[in-house]
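Numbers restart at 1 for each chain; the letters A, B, ... are given by sequence-line order, proteins then strands. None of the values given here were measured: they were computed from a predicted structure.
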Amino acid sequence: MDLKNIFEKFSGKSKIFRNREALQARYHPEKILHRDKELEKIAAILAPSLKGEKPSNLFIYGKTGTGKTLCVLHVAKQLEEFAREKKGNVRIIYVNCKLKRVADTPYRLLAHILHELGQEVPSTGLPTDELYKAFYDLIDRRSDVIILILDEIDQLVAKSGDDILYNLSRIDSELKKARLSIVGISNDLLFAENLDPRVKSSLSEEEVVFPPYNALQIKDILEERARIAFQQGVIGEGVIQKIAAISARSHGDARRALELLRITGELAERKDMNKLTLELVDEAEEKMESENIIETIKAQPQQYKAVLYTTIILNEKNMEINTGELYNHYRRLCSQIKVRPLTQRRVSDIIAELDMQGLLSAKTINRGRYGRTKSIECTIPLRLLEHVKKILREDLGL
DNA sequence: AGGTATTCACATGAAACTATTCTCTGAGTTAGG
DNA sequence: TAACTCAGAGAATAGTTTCATGTGAATACCTGT
């Protein structure tokens, strides 16, 4: 294989891409399409900060890939710039609560915020109260309006409860000079339902809901980005429509649509073609799915892999799998690979988690006199099964 | 036949435990004056 | 005597285990006809 060829292909000017960045999730386009209403509403809600008043707390709902984060950051950025020109004191802190080991617990969230504000704090060892105090002292030194954006806040609450939100909203009322308002962003539309009523009422003073994009809107977005990302004329007839249709079918996720477009482009490039075709879209869709599955499997902890492997094996034998059966075989596997088996209680949870991740499907069924179990099925597509088994065997040391 | 009561095989929940990582504190130790 | 070392107490967190309680329909068991 001539590596030089490959490097040349990638370093030289691409026949396909002009600016690949434009299709990446973190890319911030200048124009945000089909979100005028939402942008205006958010801006209107946050605007009082320019006068040094505290904006209402704001809650933003919408499924993944509906542009929530993008819009909020867009408004925030402009607000901050505007405030700087007018010598206002608006500070914006953006935190993504989902990031593992960054901001997914109260302590870490506060540590992260303090870090953003320029104060370093040890990663563990201190009582959380100390951090609340540090945060309080730090922001109350100046009479700023602070807008705290908590992205994927549902993840945080799911993991560590809503105490943090309560405490944060209380901090505001204790501040003497500064003002703190909170913008929460959530993928889960029902998120606020099981929140402490006090937190709920104080946090969702205002709400903005982001509806999913429809196929036409996604088409516009794709076209806009494609104009930046691709060389002229490389996109074949109907390619964009097709991608838009695919993603509209699955709740209008623009992020996935853009990813699909990018992968299609990459396939074209790798195959040294000079046009994106409909067939490539199909191929890209399949590739995207495969990659996602393989990645999530590789990222599983060992015990999860063991559970998954047993289900695959049992599933292949066409046996009806329930929790008990699975657990017995799992134990056998554990002794084979010399791993201490977990309790059934725990395995039951692991099954539920694998179900959530879509690697298998588990339905609880009642068989009356014969008890109650989960009927477990492996949902990994057949074409990947051999590959997956190989990976699992290797990782488990079989 | 119709109506209860049981029973199975787990599910689901809550609390307690274990291990790891890291800070803080104060007692004891050391080196220099 | 000031600086340093080091063990022990506390925290936060993840991942479990232990203990306790819940579930819902297929059966077993009555009951009166």
Side-chain angles (χ1 to χ4, degrees), chain A residues 95-115 119-138 150 152-168 190 193-196 296-297 299-311 314-315 319-335 337-357 359-377 395-396:
Chain A
V95 187
N96 186 334
C97 305
K98 196 181 67 179
L99 296 176
K100 286 243 163 201
R101 309 193 179 270
V102 175
D104 57 346
T105 69
Y107 185 94
R108 290 209 267 258
L109 173 64
L110 283 166
H112 187 75
I113 294 171
L114 286 168
H115 168 82
Q119 189 177 101
E120 292 308 321
V121 146
S123 62
T124 169
L126 298 182
T128 310
D129 295 5
E130 204 102 329
L131 295 207
Y132 277 115
K133 202 167 155 293
F135 177 55
Y136 176 89
D137 290 345
L138 190 61
L150 302 177
E152 317 232 18
I153 197 172
D154 42 336
Q155 305 278 331
L156 176 66
V157 172
K159 254 193 81 178
S160 351
D162 47 15
D163 297 8
I164 331 114
L165 299 182
Y166 179 67
N167 289 330
L168 282 176
L190 300 171
E193 297 299 307
N194 21 1
L195 226 48
D196 185 318
T296 42
I297 288 176
Q300 300 301 323
Q302 193 191 31
Q303 297 283 7
Y304 288 57
K305 284 180 184 160
V307 173
L308 189 60
Y309 187 69
T310 9
T311 42
L314 289 178
N315 214 201
M319 289 172 63
E320 200 210 327
I321 320 179
N322 53 43
T323 311
E325 279 294 303
L326 176 60
Y327 185 66
N328 289 337
H329 284 84
Y330 157 82
R331 286 192 73 115
R332 222 165 294 155
L333 177 68
C334 280
S335 70
I337 60 177
K338 299 201 186 64
V339 172
R340 198 165 61 82
L342 302 174
T343 50
Q344 182 161 327
R345 177 72 188 81
R346 181 67 186 128
V347 170
S348 178
D349 279 349
I350 289 176
I351 291 169
E353 277 175 61
L354 289 172
D355 182 26
M356 284 275 289
Q357 298 185 43
L359 295 177
L360 47 80
S361 89
K363 279 180 294 186
T364 49
I365 47 167
N366 259 299
R367 284 180 303 170
R369 191 72 168 54
Y370 304 107
R372 177 189 229 230
T373 356
K374 277 179 179 152
S375 140
I376 301 155
E377 230 180 316
D395 290 0
L396 291 170

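Looking at heavy-atom distances under 4.0 Å, Asn322(A) makes contact with sugar-phosphate atoms alone, never a base. Using a 4.0 Å heavy-atom cutoff across all strands shown, Ser160(A) reaches no nucleic acid atom at all.
Between the side chain of Tyr330(A) and the backbone N or O of Leu342(A), at least one donor-acceptor pair lies under 3.5 Å. Between the side chain of Ser335(A) and the backbone N or O of Arg332(A), at least one donor-acceptor pair lies under 3.5 Å.
Each of Ile321(A), Asn315(A), Ile376(A) was scored for a side chain to side chain contact (heavy atoms under 4.5 Å, CB included) with Leu360(A), with one residue passing: Ile376(A).
Taking the side chain of Tyr107(A) as heavy atoms from C-beta on, and the options dA11(B), dA14(C), dT13(C), the nearest nucleotide is dT13(C). The side chain of Thr105(A) lies closest to dT13(C), out of dT13(C), dA14(C), dC10(B). Taking the side chain of Pro127(A) as heavy atoms from C-beta on, and the options dA12(C), dA11(B), dA14(C), the nearest nucleotide is dA12(C). Distance from the side chain of Thr364(A) is smallest for dA11(B) among the nucleotides dA11(B), dC10(B), dT23(B). Candidate nucleotides dT16(C), dA11(B), dC22(B) were compared by shortest atom distance to the side chain of Thr124(A), and dC22(B) ranks first. Closest contact between the side chain of Lys374(A) and the listed nucleotides dT16(C), dT12(B), dC24(B) involves dT12(B). Looking at the side chain of Leu126(A), the nearest of the listed nucleotides dA14(C), dA11(C), dT23(B) is dT23(B).
A donor-acceptor contact under 3.5 angstrom links the side chains of Tyr132(A) and Asn167(A), judged on distance only.
Separating the OH atom of Tyr132(A) from the P atom of dA11(C) is a distance of 16 Å, rounded to the nearest angstrom. Look at CD on Glu130(A): it is 12 Å from C1' on dG10(C), rounded to the nearest Å. In this structure, Tyr327(A) places its OH atom 12 Å from C1' of dT16(C), rounding to the nearest Å. Going from atom CZ of Arg101(A) over to atom P of dT13(C) covers 11 Å, rounded to whole Å. Straight-line distance from the NZ atom of Lys159(A) to the C1' atom of dG15(C): 11 Å, rounded to whole Å. Between the CD atom of Glu120(A) and the P atom of dC22(B) there is a distance of 15 Å, rounded to whole Å. Distance CG (Leu109(A)) to P (dT13(C)): 10 Å, rounded to an integer number of Å. In this structure, Leu342(A) places its CG atom 14 Å from C1' of dT18(B), rounding to the nearest Å.
Of the two residues contacting DNA chain C, namely Gly125(A) and Lys100(A), the nearest-nucleotide position lying further toward the 5' end is that of Gly125(A).
Glu325(A) places a side-chain heavy atom less than 4.5 Å from the side chain of Asn322(A).
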request  = Show your working on side chain to side chain contact (heavy atoms under 4.5 Å, CB included) between Thr105(A) and Lys159(A) and close with a plain yes or no.
outcome  = CA-CA 7 Å; Thr105(A) 69; Lys159(A) 254 193 81 178; 4.1 Å; yes

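Atom OG1 in Thr343(A) sits 6.0 Å away from atom OH in Tyr327(A) (nearest 0.5 Å).
Across every non-hydrogen atom of Leu354(A) and Tyr304(A), the tightest pair is CD1-O, 3.9 Å.
Between Thr343(A) and the phosphate of dT16(C), there is no side-chain N or O to OP1/OP2 separation shorter than 4.0 Å.
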ask   = For nucleotides 20-29 of chain C, read 5' to 3', which letter fits each nucleotide if B means a protein heavy atom sits under 4.0 Å from the base, S means only the sugar-phosphate is that close, and - means neither?
value = ---BBBBS--

